[in-house]
Amino acid sequence: MQYISTRDRTLQFSAAQAIAKGLSEDGGLLTPAYLPKLPRRALEDLKDMSYQQRAVYVMKLFLDEFSVKELTDFANAAYGPEKFDTPAVAPVRKVNGNTYCLELWHGPTCAFKDMALQMLPHLLTASLKKQEEEKTVCILVATSGDTGKGALEGFKDVEHTKILVFYPKDGVSAVQELQMVTQEGENVGVCAVHGNFDDAQTGVKKLFSDLKLREELAERGYFLSSANSINWGRVLPQIVYYISAYCDLLRDGQIQAGEAINVCVPTGNFGNILAAYYAKDMGVPIHNLICASNQNNVLTDFLNTGIYDRNRTFYQTMSPSMDILISSNLERLLLAITQEDTEVQSYMSQLAETGRYQVSDKVREKIQKQFYGFCCDDQETQKVIHTIYDQYDYLIDTHTAVAFSALEQYRTKTGDQTKTVIASTASPFKFCDNVLTALGVTEQAQGLDLLDQLSKVTGQPVPAPLAALRTKTPRFSQVVEKGQMVDAVQEMLK
Ligand SMILES: *Cc1c(COP(=O)(O)O)cnc(C)c1O
């Protein structure tokens, strides 16, 4: 299968090249030239397979240079019992008559980023080998919390890789910071930056475009790469779990073969919901896709009006992983809908120049046929956590709560009661303080004691990777100014 740039079809690459490159040289995103269709009996066949087997089956459709044996090894390593606390890997839990949660947080960092970041290192190192690249890859990541820890866990002690994560000193939660600074592994580095997430992100982008640094590193046998969500190696593993969720519903008799479901996804960069769209396009009976946003509702507005406009106030919310104003992966949807690389290129250059673009009426109508956007604020988010816990004895995190709110708004607006799978993206224990407040607990413990408090209040066990933080000693304490990030890289690679 060929991969192309979303902005220029004539730039073509193999799967291994696409994964190794991460981003096309014209700034476009590397994307399959066409989407494979699931063979007719695929869902029936997949329904009795393990999650790992389903992953191999789906990924093989996109990665013809990789053998089934290779992909099987990757899937077993990425989704095995040392990594995930349930053999189902991504279990589907029934909440009520027509609402299901696809729990994507049973991995080592308790957030859905694990689903892709446990697989990416295998895909990336194998892709480099196929291209006879002998240098060590140095992954640089700027994180607002979940991606950094997910990438550290995924890449820790992976041969021929180094990983260095930058996070904003005051921009991550206490649990998230502890998760990162206690990270184990010989090839990892973690460094705080004075400033906010944008400062860290801008700093990392500067490192990537620092030619002098690149040359120096090349001489020492390193090259730079990235693990952020525009890499195809992160989108592909996400398609698997939507197909897997449909198969679970079939297997458990919750739906009939061919019955359509809706999917509702709490969205930031548009990567997760894009994977659901791809699953639909490949032939999974998915009716509508419901895109849930917090107060940073740039996508809700886009889906309603066809205008994408990032010139607006940025809000810090209690669902921080969705605090995003540029949803990079939307570009891939635009290519899928328009099939016109030149049209995508034109929207993206308008976005770069003015922060805004408007799609044609035809494109807007096509998108609106299958996507619905809804948003809610923090107050509503907390209300939803409380209600869902009261009514169904089911505890959800702040991001998943935004999706529950969007689904309710969708059902009220359309009257559509189709069975719906909500992507549940993080363990509530990652956001103890806001979850406890939502449950009405005003007197709160400090630091990691919050984990036990939430456990006591709800009777649910603290996830093992978070409980283990107590016994870990911080290994990293470096804080740099944003102008000094290059020194941190040099230090790490000494
Ligand atoms: C990253 C993240 C999201 C947003 O996912 P996108 O792929 O960026 O849309 C939602 N919830 C949680 C908990 C996350 O970590």
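The figures that follow rest on heavy atoms only: side chains count, while hydrogens, waters and symmetry mates do not. In listed order, ligands and their atoms are each counted from 1.
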Taking only heavy atoms of Lys113, which atoms of ligand 1 are found under 4.0 Å from at least one of them? 1 (C), 2 (C), 3 (C), 14 (C), 15 (O)
Near Ala426, which atoms of ligand 1 are under 4.0 Å from a heavy atom of that residue? 13 (C)
Tell me, which protein residue and heavy-atom name are nearest atom 12 (C) of ligand 1, and how many Å apart are they? Thr425 OG1, 3.5 Å
Strictly below 4.0 Å, N to O, side chains only: are Arg411 and Glu408 in salt-bridge contact? no
Tell me if a side-chain donor or acceptor on Asn311 pairs with a main-chain N or O of Thr354 at a distance below 3.5 Å. yes
Would you say Ser229 contacts ligand 1, with heavy atoms under 4.0 Å as the rule? no
Below 4.0 angstrom, N of the basic side chain to O of the carboxylate: do Asp378 and Lys383 qualify? no
The closest protein heavy-atom partner of atom 3 (C) of ligand 1 is Phe112 CE2, 3.6 Å
Check each of Cys291, Gly268, Ala292, Pro320 against atom 4 (C) of ligand 1 and report the one with the nearest heavy atom. Gly268
Under a 4.0 Å heavy-atom limit, does Phe270 contact ligand 1 with its side chain, its backbone, both, or neither? backbone
Could you list which atoms of ligand 1 come closer than 4.0 Å to a heavy atom of Asn272? 7 (O)
What are the atoms of ligand 1, with element, lying closer than 4.0 Å to any heavy atom of Thr267? 9 (O)
So that I can tick it off, tell me whether Asp199 and Lys482 are bridged by a salt bridge, with the cut-off set at under 4.0 angstrom between side-chain N and carboxylate O. yes
Salt-bridge contact Glu184-Arg475 (side-chain N to carboxylate O under 4.0 Å): no
Below 4.0 angstrom from a heavy atom of Asn269, which ligand 1 atoms are there? Numbered from 1 as shown, please. 6 (P), 8 (O), 9 (O)
At what distance, to the nearest 0.5 angstrom, does CD of Glu331 lie from CG of Leu29? 4.0 Å
Worked check of side-chain contact (heavy atoms from CB on, under 4.5 Å) between Phe112 and Gln238: CA-CA 9 Å; Phe112 96 93; Gln238 299 186 332; 3.0 Å; yes
Numbered atoms of ligand 1 (with element) below 4.0 Å of Asp146, judged on heavy atoms: 13 (C), 14 (C), 15 (O)
Mutual orientation of the aromatic rings belonging to Tyr372 and Tyr410 [parallel < 30°, tilted 30-60°, perpendicular > 60°]: perpendicular
Can you sort out which atoms of ligand 1 are near Pro266, meaning under 4.0 Å from one of its heavy atoms? 4 (C), 10 (C)
